[in-house]
Every structure is written in C-alpha cells, then in structure tokens.
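The block underneath contains the structure these notes are about, expressed in structure tokens.
Heavy-atom basis, side chains included; hydrogens, waters and symmetry copies ignored.
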Amino acid sequence: MRIIKTAVVGSGFMGAAHIEALRRIGGVEIVAIASDDVKTANKLAYKYSIPNIYDSWQKVIDNKNIEAVHNCTPNNLHFEINKAAVLAGKHILSEKPLTISSKQSSELVELVKNKDVVNAINFNYRFYPLIQHTRSMMIGGEIGDVYFSHGHYLQDWLIYNTDYNWRLETEVSGESRAVADIGSHWCDLIQFVTGLKIKKVLADLFTIHEKRMKPTVALETFKENEIDLSKNSNETEIKTEDGGSVIFQFENGRRGVFTVSQVSAGRKNKFQFEINGSEKSVSWNQENPNELWIGYRDKPNELLIKDPSLLNSDAREFAHYPGGHPEGYPDGPKNLFIQFYDFIRSGKDLLTEKPLFATFEDGYYENKIVEAILESNKKQSWIEI
C-alpha cells in the first residue's frame, strides 16, 4: 500500500478527532500539525508522534512532501485554506461547513473542476455500518417510495447563557449556528440515504439567549467551563439561532420535517431520523448507532443489530467487528478516511465517478440549504433552493 503523507490543520476538538481516526487506518503518515495554539498542538504531536509542528497553516501548504490536508479550523478559515490547498495541488478533506457562504463554496466547486485533487467534507455520519445498510435497502427498493421523513438533532451544551464557544460568533462561524452546525448533518444524511435532494424549505428558528457571557479566554468545544465567569467574562449579543424546526420538500414533492436544538437539557448528541416508505419504515439514532428499527404495517417490527453477517453485502465493509461488538462515533470518520485515501490511491476522477463521501459540490448545496432556511425564517414563507 502506498503511504500518503498528510497534515492536520487545527488542534481543537475535531483536529484531535481527525488525528486519532487517521492513526487507526493504514497507509497514511501524519507528518505535521498546524495551529496557532502551539501549546495544544505540541500535546497532540507528542501523544501521536507527529514530527512537525507549525504555527501557521501556510507552512503546511508550502511543504511539498505533504500530499493531503485535513482542514479542522473554525468556519471562517475554511475557504482560504481549502482554496490554497487546491491551488497547491493537495488533496483536501475539510470540516463542514465547506465555507460560510454559497458564494465562496461555488468558487471552490469551479476551482476543483480544473485541478486533479480529491476533495471531501467530513459528513461522517454517512459511514456508520447501519447507515450504509439503510442506503442499500433504499437503493434495492426494500423501503419503497418515500412517503415522509422526520427527525431531530438535539444537544444541551449551550443551554446556559454562560455557555460560550466561537461557534456563537457570526464573524467566525457564519450567519447560522444550530442549523449550519448540526442541521447540516441531518440534511446531508437524509439526502444521502434517500437519494433525494431537498428543494424547498419552510423554517421557524429561535434564539433563547439573545445575550451570553463571553469568557475573556478561549474555551475548548464540549469542555466544562473552568473559570469564574462572573469575574472573567463580558456580556455579548448573540445573533445566531439556538434551534428551530424546518418543514422541507424533496425534489419529488414528498415532505419531511426536522428539529434542531442546542439548548435541550439531557440531550448530548441526539441525532435521529425516520423514513416512512411504502413498504416499511426505518429509524436510526446516533446515540444508539448499532440498532436499526424497521417498522411494518402487517407483521411484527424488527430491530436489526449491527452484525456484518446480517448486513447487505455492500455495507459489510463498514462494520469492522463482529455482531455484539459496538462501533460508534470515532468509527464514522475512520470509514470516511479509508474511502478518501483509497480514492486518492486509485487515481479515480471525481468528475467521472461519484464517491460515497461528501464532496465540495455537496458542501455547496448544503450552504444553499442553510441560506434558504435563514431566508425562510426571515420571510416566514416557503423558499425554493
């Protein structure tokens, strides 16, 4: 197997997650980590034996030995870094959103058409074994015609007005937060599984905390506050949504609805969807990812347990352990990265062969969905994408 030299830009929650997943697949050598937080980068480099630590992402782009880049930076840096990587001829795997606007994403989509680079976005939920099995069921006609799709993505990590993160700042994260951050995952997955694009949306968004206490020092995502915010914070206005509900219409006219919230007490990462088809229904919950509920009208319902021997043949490669051995969140990125680097080694062209992973084109369409949702909420009317 050809060894591909790669680098990770960003040392936060997702940067560490990418590094850990990369260390679990073969044929990839992490030769550098870049971050303006050199202290954290040093810790990760020491933990995972990464030889080079850069204090700027530009040094990764300039290193001609690096063939691929993982962009795990805050949203406002995605466009600049992704563009630089493509122009340098490096394969690029970006965190979502691809950029903070469809205008920026459109430029990247046009750019990669003329460059021989593989591009991907970390919509990692596509790569759970039972998600691949569900998609296989849909393609094979087992679920039938899609009648209705619904679900939610609920979290509680921003429930208090003292909870704070860079994702709350529009100049860093973009105009949308809950929808762009977690709603984008829901939209990507429902489109991936059904094979249908969302074409119209009707949104109703809300912001519970219009003002929050911003710490005077940066806090890591999903970490408990370790400072006294009464003495080390300033009140700041919040312009992004804490949650909301979206009714949508697929390209074939079928309807659906989903809800997102980052202020739902007790819900740590409750990502759930259900598809009601003409033959059967399927439902999956990310917090219990090794079970797929299958519902019927005229016979008892089923609960399929993740087991390679029980999955459709085209989904088995995504289950790495036997039945009864749970696989979870860290295995989604691992499976995505396997697909990404195998695609690079194969020399395949994204213009002629569509991969299982999300590409810049998918990221551009996700930007369009988010922007349509924001416009719909503002106008309180249906918006076509």
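- No side-chain heavy atom of E80 sits under 4.5 Å from any side-chain heavy atom of T73.
- Contacts of E169 classified as salt bridge (Lys or Arg N to Asp or Glu O under 4.0 Å), with partners at least two apart in sequence or in another chain: K214.
- Relative orientation of the F258 and F248 rings is tilted, given thresholds of 30° and 60° on the angle between their planes.
- For the 3.5 Å distance criterion, the side chains of Q286 and Y128 qualify, holding a donor opposite an acceptor.
- D181 and Q262 share a side-chain donor-acceptor pair at under 3.5 Å.
- There is a side-chain donor-acceptor pair under 3.5 Å between N276 and H150.
- Using modelled atom types, one finds a donor on one side chain and an acceptor on the other under 3.5 Å when comparing S11 with S35.
- Remark: the R267 side chain and the Q155 side chain contain no N/O donor-acceptor pair separated by less than 3.5 Å.
- With contacts defined as side-chain heavy-atom distances shorter than 4.5 Å, the pair E291/I305 qualifies.
- Side chains of L158 and R167 form no contact here, defined as non-hydrogen atoms less than 4.5 Å apart.
- Smallest separation of non-hydrogen atoms from I385 and A372: CG1-CB, 3.7 Å.
- The shortest side-chain heavy-atom distance between V31 and N65 does not fall under the 4.5 Å cut-off.
- For the residue pair S309 / D307, a side-chain donor-acceptor distance below 3.5 Å is found, with atom types taken as modelled.
- We find the CG-CH2 distance between D36 and W57 to be 12.5 Å, quoted to the nearest 0.5 Å.
- Side-chain contact of E251 with Q191: a donor-acceptor pair under 3.5 Å is absent, judged by distance alone.
- A donor and an acceptor atom, one from each side chain of H320 and N335, are located under 3.5 Å apart.
- Contact check for S233 versus T162: no side-chain heavy atoms found under the 4.5 Å cut-off.
- For F343, the ring pair (Phe, Tyr, Trp, His ring centres under 6.0 Å) partners at least two apart in sequence or on another chain are F357.
- A side-chain donor from one of S173 and N75 sits under 3.5 Å from a side-chain acceptor of the other.
- Side-chain polar atoms of Y164 and T236 form no donor-acceptor pair below 3.5 angstrom.
- Between V179 and L374, the closest side-chain pair of non-hydrogen atoms is not below 4.5 Å.
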Please determine whether salt bridge (charged side-chain N to carboxylate O under 4.0 Å, His left out) holds for the pair D342 and R345, giving the CA-CA distance in whole Å, both sets of side-chain angles, and the decisive distance to 0.1 Å. CA-CA 5 Å; D342 282 351; R345 291 188 192 91; 3.2 Å; yes
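- Classification of D145 and R254 as a salt-bridged pair holds, one side-chain N sitting under 4.0 Å from a carboxylate O.
- Taking the six-membered ring where the residue is Trp, the centroids of H18 and F337 are separated by under 6.0 Å.
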Would you please test V109 and T359 for side chain to side chain contact (heavy atoms under 4.5 Å, CB included) and show each step? CA-CA 9 Å; V109 169; T359 64; over 6 Å; no
Derivation and outcome, salt bridge (charged side-chain N to carboxylate O under 4.0 Å, His left out), residues R2 and E67: CA-CA 12 Å; R2 181 170 74 85; E67 191 173 345; 3.0 Å; yes
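- We find that K96 and E366 are not joined by a salt bridge, their nearest charged nitrogen and carboxylate oxygen being 4.0 Å or further apart.
- Contact check on D331 versus K306 returns no salt bridge, with no Lys/Arg side-chain nitrogen under 4.0 Å from an Asp/Glu carboxylate oxygen.
- The closest side-chain heavy-atom distance from D362 to K354 is below 4.5 Å.
- Between K200 and I247, every side-chain heavy-atom pair lies at or beyond the 4.5 Å cut-off.
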Criterion salt bridge (charged side-chain N to carboxylate O under 4.0 Å, His left out) on E110 and K113, from CA distance to verdict: CA-CA 5 Å; E110 290 303 313; K113 288 179 180 179; 3.1 Å; yes
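- Between K378 and E375 there is no salt bridge, since none of the side-chain N atoms of the basic residue sits less than 4.0 Å from a carboxylate O of the acidic one.
- Panel note: side chain Y48, backbone A16; no donor-acceptor pair is recorded below 3.5 Å.
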Walk me through it: do E29 and K5 pass the test salt bridge (charged side-chain N to carboxylate O under 4.0 Å, His left out)? CA-CA 5 Å; E29 180 185 357; K5 295 183 185 296; 2.9 Å; yes
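- For N63 and Y54, the side-chain atoms include at least one donor-acceptor pair closer than 3.5 Å.
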